[in-house]
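As structure tokens, the structure follows; a few thoughts come after it.
Remember, it's 1-based here, ligands and their atoms both numbered in the order they're listed.
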Amino acid sequence: MTTKVIKGGTVCTADRTYKADVLIEGEIIKQIGEDLKGDEYIDAEGAYVIPGGIDPHTHLEMPFMGTTAAETFESGTWAAACGGTTMVVDFCLPGEDGSIKNAINEWHRKSAPQICSDVGYHMAITGWNENVFNEMKDAVDMGVNSFKHFMAYKGALMIEDDEMFASFKRCRELGALPMVHAENGDLVAEMQQKFMAEGITGPEGHAYSRPPEFEGEAANRAITIADAAGVPLYIVHVSCEQAHEAIRRARQKGMRVYGEPLIQFLTLDESEYFKGDWMHSARRVMSPPFRNKEHQDSLWAGLQSGSLQVVATDHAAFTSEQKLMGKDNFCLIPNGSNGLEERLAVLWTEGVETGRLTPNEFVAATSTNVAKILNIYPKKGAIVEGADADIVVWDPKISKTISQANHHSVLDYNVFEGFNVKAQARYTLSRGDVIWAWGQNSQPQPGRGRFVPRPAFPSANVALSKWKELTAPKQIQRDPMNIPAGI
Ligand code: URP
Ligand code: ZN
Ligand code: ZN
Ligand code: ZN
């Protein structure tokens with residue numbers, strides 16, 4: 001088996017930074033140390049050697065809002081690799097038959113021939129019946145150990161509280177992780193109607209109809225339901241202080257509740273909906289919407305303190321033509337924005353270069369914490385002997401201006417257009433193969449990626465006793481015939 005040595009770099013993990021070479025044998029990290037020898041060498045002089053990025057939240061080729069996300073499994077995993085991300089976890093939606101098993105098989109059918117690097121899936125639970133109950137076990141057996149619940153998108157994907165409670169309890173039994181899209185979908189629908197009736201039909205109506213209070217309410221509600229079910233909870237695309245505050249409070253109480261801000265939310269604000277032309281704003285329509293600077297500060301603070309753990313993209317790419325579906329009605333603009341290729345460079349520039357995050361915190365938020373929470377650590381997310389050689393030689397001296405003209409997504413625009421970023425992937429390795437080399441005309445290799453099964457993990461929130469009493473209530477003895485005289 002040929003060996004490769006990543007030579008002369010500074011290994012940077014979630015907890016250490018040190019000079020070392022990394023020896024790779026086949027797909028695996030074989031040794032980390034000084035002056036290592038191998039058949040081939042990869043130059044890491046002047047660069048960090050970090051675990052490949054893991055994006056826990058993408059929507060590739062997802063059928064949604066009457067259309068299908070334009071980013072394919074090939075273009076998405078390729079763009080990811082160019083930006084230093086070596087694994088994505090994509091959201092699998094049930095098809096018309098409602099079957100979970102069929103949906104996962106459909107995702108395999110679409111992704112297997114296309115993916116350039118590794119993938120995992122989350123499964124969406126969009127309703128509740130016996131079949132869903134049974135098939136959740138099949139999903140876990142198929143290596144899908146996390147289930148997303150949409151508290152928004154009324155009339156489409158939205159789930160009711162009783163259904164969510166049933167699903168959370170099932171997650172608890174299976175050792176799976178429930179996730180939520182936290183927005184009060186009933187209130188959003190009311191507000192959408194109200195603003196449309198008032199003649200506000202443009203993208204600004206999207207922002208007005210989804211205030212942070214609606215997100216905070218849903219986050220609190222989901223946390224209460226998870227608490228009652230005794231199960232951990234992962235809140236996707238956290239955009240605001242209200243949701244962050246709910247997560248902080250739950251964690252302080254002792255619950256395993258995780259929060260995922262997006263790179264877009266950290267760096268783009270709500271002014272995007274009130275400037276430029278219709279298309280500029282429509283391209284940035286996503287749910288929840290971008291927020292003001294105070295919310296951004298809250299999210300950065302959460303990453304610093306650890307109350308928020310991971311930075312994702314929610315990459316759901318719809319072309320300008322697709323966005324035009326909502327030209328007369330903001331409710332019909334397909335929701336989603338891009339970031340898969342840009343996540344690491346923008347977080348480095350806006351986080352590490354500004355002093356908000358240490359390089360180790362950057363690695364934790366983009367890779368290691370994701371791997372731990374999703375139960376693929378240390379196969380992924382780590383530079384240790386025996387781990388998959390998903391490694392990025394991260395060069396803090398390559399700067400570039402982000403543009404649609406040079407990105408690898410199929411999208412005809414980029415929400416980060418014009419951002420000047422201060423670091424790039426010099427090399428991206430996926431299980432030992434160099435799949436991207438800066439400035440060397442690398443080409444996508446569809447089909448070389450693999451599905452990574454994620455086993456169940458029995459972490460339950462059982463330390464708190466309050467709900468145990470409710471699930472095993474005591475019968476109070478009363479004699480219905482013993483009625484006091486005079487009544
Ligand atoms: O606007 C968004 N976030 N689109 C993708 C679907 C979702 O809600 O995650
Ligand atoms: Zn409802
Ligand atoms: Zn969502
Ligand atoms: Zn999403």
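Contact check on D297 versus K293 returns no salt bridge, with no Lys/Arg side-chain nitrogen under 4.0 Å from an Asp/Glu carboxylate oxygen. For the pair R283 and E417, the salt-bridge criterion is not met [side-chain N within less than 4.0 Å of a carboxylate O]. A salt bridge links E217 and R221; the closest N-O separation between the charged side-chain nitrogens and carboxylate oxygens is under 4.0 Å. With salt bridges taken as basic N to acidic carboxylate O contacts below 4.0 Å, none links R248 and E245.
Remark: minimum distance from atom 1 (O) of ligand 1 to any protein heavy atom is reached at S287 N, 2.7 Å. Here the protein heavy atom with the shortest distance to atom 4 (N) of ligand 1 is N335 O, 3.1 Å.
Within H181, ND1 is the N, O or S atom that lies nearest to the Zn ion (ligand 3). Looking only at N/O/S atoms, H237 comes nearest to the Zn ion (ligand 3) through NE2. Taking the N/O/S atoms of H57 in turn, the shortest distance to the Zn ion (ligand 4) belongs to NE2. For D314, the N/O/S atom at the shortest distance from the Zn ion (ligand 4) is named OD1. Of all the N, O or S atoms in H59, the one closest to the Zn ion (ligand 4) is NE2.
Panel note: side chain Q322, backbone T68; a donor-acceptor pair is recorded below 3.5 Å.
Only one option out of R448, R431, R454, K379 pairs with D118 in a salt bridge (charged side-chain N to carboxylate O under 4.0 Å, His left out); it is R431.
Coordination check, K148 versus the Zn ion (ligand 3): passed, since an N/O/S atom of the residue sits under 2.8 Å.
Counting atoms of ligand 1 from 1 in the listed order, those under 4.0 Å from a heavy atom of D314 are 2 (C), 3 (N), 5 (C), 9 (O). Taking a cut-off of under 4.0 Å to the non-hydrogen atoms of M286, the atoms of ligand 1 that pass are 1 (O), 3 (N).
Close placement of the H181 and Y153 rings is indicated, their centers lying within 6.0 Å of each other.
The closest non-hydrogen atom to atom 5 (C) of ligand 1, taken over H206, H59, H181, comes from H59. Residue Y153 holds the heavy atom nearest to atom 2 (C) of ligand 1 of all those in F64, F318, Y153.
Only the side chain of K148 comes within 4.0 Å of ligand 1, judged by heavy-atom distances.
Under the 4.5 Å side-chain criterion, counting only non-hydrogen atoms from C-beta, W128 is not in contact with I159.
Of the N and O atoms on the side chains of S75 and E71, at least one donor lies less than 3.5 Å from an acceptor on the other residue.
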